[in-house]
There are 2 protein chains.
Amino acid sequence: MADQTQMLKGILDGCLLAIIKEGEIYGYELAAKLESYGFTSFSEGTIYPLLLRMQKEKLVATTLRKSTAGPKRKYYSLTEKGEQELLLFHQRWNQLNKTVNKVLKKEEM
Amino acid sequence: MADQTQMLKGILDGCLLAIIKEGEIYGYELAAKLESYGFTSFSEGTIYPLLLRMQKEKLVATTLRKSTAGPKRKYYSLTEKGEQELLLFHQRWNQLNKTVNKVLKKEEM
DNA sequence: TTTTTATATCTTGCATTACAAGGTATATAA
DNA sequence: TTATATACCTTGTAATGCAAGATATAAAAA
């Protein structure tokens, strides 16, 4: 049956937007931040394709900057469209949350 | 970007288990019940394959019974394994819930 | 100098799963 | 006998998390 992997579908992108909104951040750092929030460790094969997708959709803008200890970092920031998408995500998530919790609470009785 | 469709992945099956636990129910009825809980209407192309999958995994047991107004109904009930899976789903859902809400709350400040 | 290590990003291919579309069958009512 | 509501199933598609592997840079160790 479904594991955490499946549960993340359609949720991870919203979380990325939320974290990027806190301030410019680059991919490698983002992966670490997600873990610090309680997500199980993230593969780069998950993060980078997602970031590229969001860049294509113009939800995020990017800037390359030199690193002190490796190749250039690609910093992400939210666009106006990204902010709007984040708001929509909030709504979808809250709705889902409410509905699922209703189903689960009912079943406990 | 992801819509409700993607968000449901790995969540819908747990919700089905939760509803079936409330009492024996057949597929067609289940679809209606989900709507009553606040989910947007469900295609039968979503429900039936999922139920068959859960049957194969022995999470649910089935009984055919005559209907008063149509072909036979296939009633589903939880197996012992299904109950355990439901518990695991609860844990996964609560964990996800906590983590995502933490990310979203932070971003609001 | 050469090698190793940590940092940093990207690509390819796979598995899972919600869903649309279409098909079949039964019972009642018009 | 036709229409309608009920009830279930199958096939194919799209979306997306992730494993595995490739590439590149900079600092430290050998």
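Order of the sequence lines sets the chain letters (A, B, ...), proteins ahead of strands, with each chain counted from 1. The analysis underlying the following values was restricted to heavy atoms, covering all of them including side chains, and did not include hydrogens, waters or symmetry mates.
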Tell me: [atom1] of [X] to [atom2] of [N], nearest whole Å?
X: B:Leu64; N: D:dT6; atom1: CG; atom2: C1'; result: 15 Å
X: B:Leu51; N: D:dC9; atom1: CG; atom2: C1'; result: 11 Å
X: A:Met7; N: D:dA15; atom1: CE; atom2: P; result: 23 Å
X: B:Lys9; N: C:dA15; atom1: NZ; atom2: P; result: 15 Å
X: B:Asp13; N: C:dC19; atom1: CG; atom2: P; result: 12 Å
X: B:Lys56; N: D:dT10; atom1: NZ; atom2: P; result: 8 Å
X: B:Leu50; N: C:dA18; atom1: CG; atom2: P; result: 5 Å
X: A:Arg92; N: C:dA18; atom1: CZ; atom2: C1'; result: 15 Å

I'd like to check the ring-ring contact (aromatic ring centres under 6.0 Å, His included) partners of B:Tyr75; sequence neighbours left out, ordered by chain and number.
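Listed in chain order: B:Tyr26.
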
With sequence neighbours left out, what residues match A:Glu44 under salt bridge (Lys or Arg N to Asp or Glu O under 4.0 Å)?
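For A:Glu44 there are no salt bridge (Lys or Arg N to Asp or Glu O under 4.0 Å) partners, ignoring immediate neighbours.
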
Qualifying residues under salt bridge (Lys or Arg N to Asp or Glu O under 4.0 Å), relative to A:Glu29, sequence neighbours excluded
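Partners of A:Glu29 by the salt bridge (Lys or Arg N to Asp or Glu O under 4.0 Å) criterion come out as none, since no residue qualifies.
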
Residues two or more places apart in sequence or in another chain: which of them pass side chain to side chain donor-acceptor pair (under 3.5 Å) with B:Lys33?
none

Heavy-atom donor-acceptor pair, A:Lys21 side chain to A:Gly82 backbone, under 3.5 Å:
no

Heavy-atom contacts, protein to nucleotides 18-30 of chain D, under 4.0 Å, summarised as B (base), S (sugar-phosphate only) or - (none) per nt, yield BBB---BBSS---

What nucleotide among D:dC8, D:dT10, C:dA8 has an atom nearest to a side-chain atom of B:Tyr48?
D:dC8

Please list every donor-acceptor pair under 3.5 Å in which a side-chain atom of residues 63-70 of chain A meets a protein atom from a residue at least two apart or in another chain.
from	atom 1	to	atom 2	distance (Å)
A:Arg65	NH1	A:Glu24	OE1	3.1
A:Arg65	NH2	A:Glu24	OE1	3.4
A:Arg65	NH2	A:Glu24	OE2	3.4
A:Ser67	OG	A:Ala69	N	2.9
A:Ser67	OG	A:Gly70	N	3.4

With a cut-off of less than 4.0 Å, is there a side-chain N or O of A:Arg53 near OP1 or OP2 of C:dC10?
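No.
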
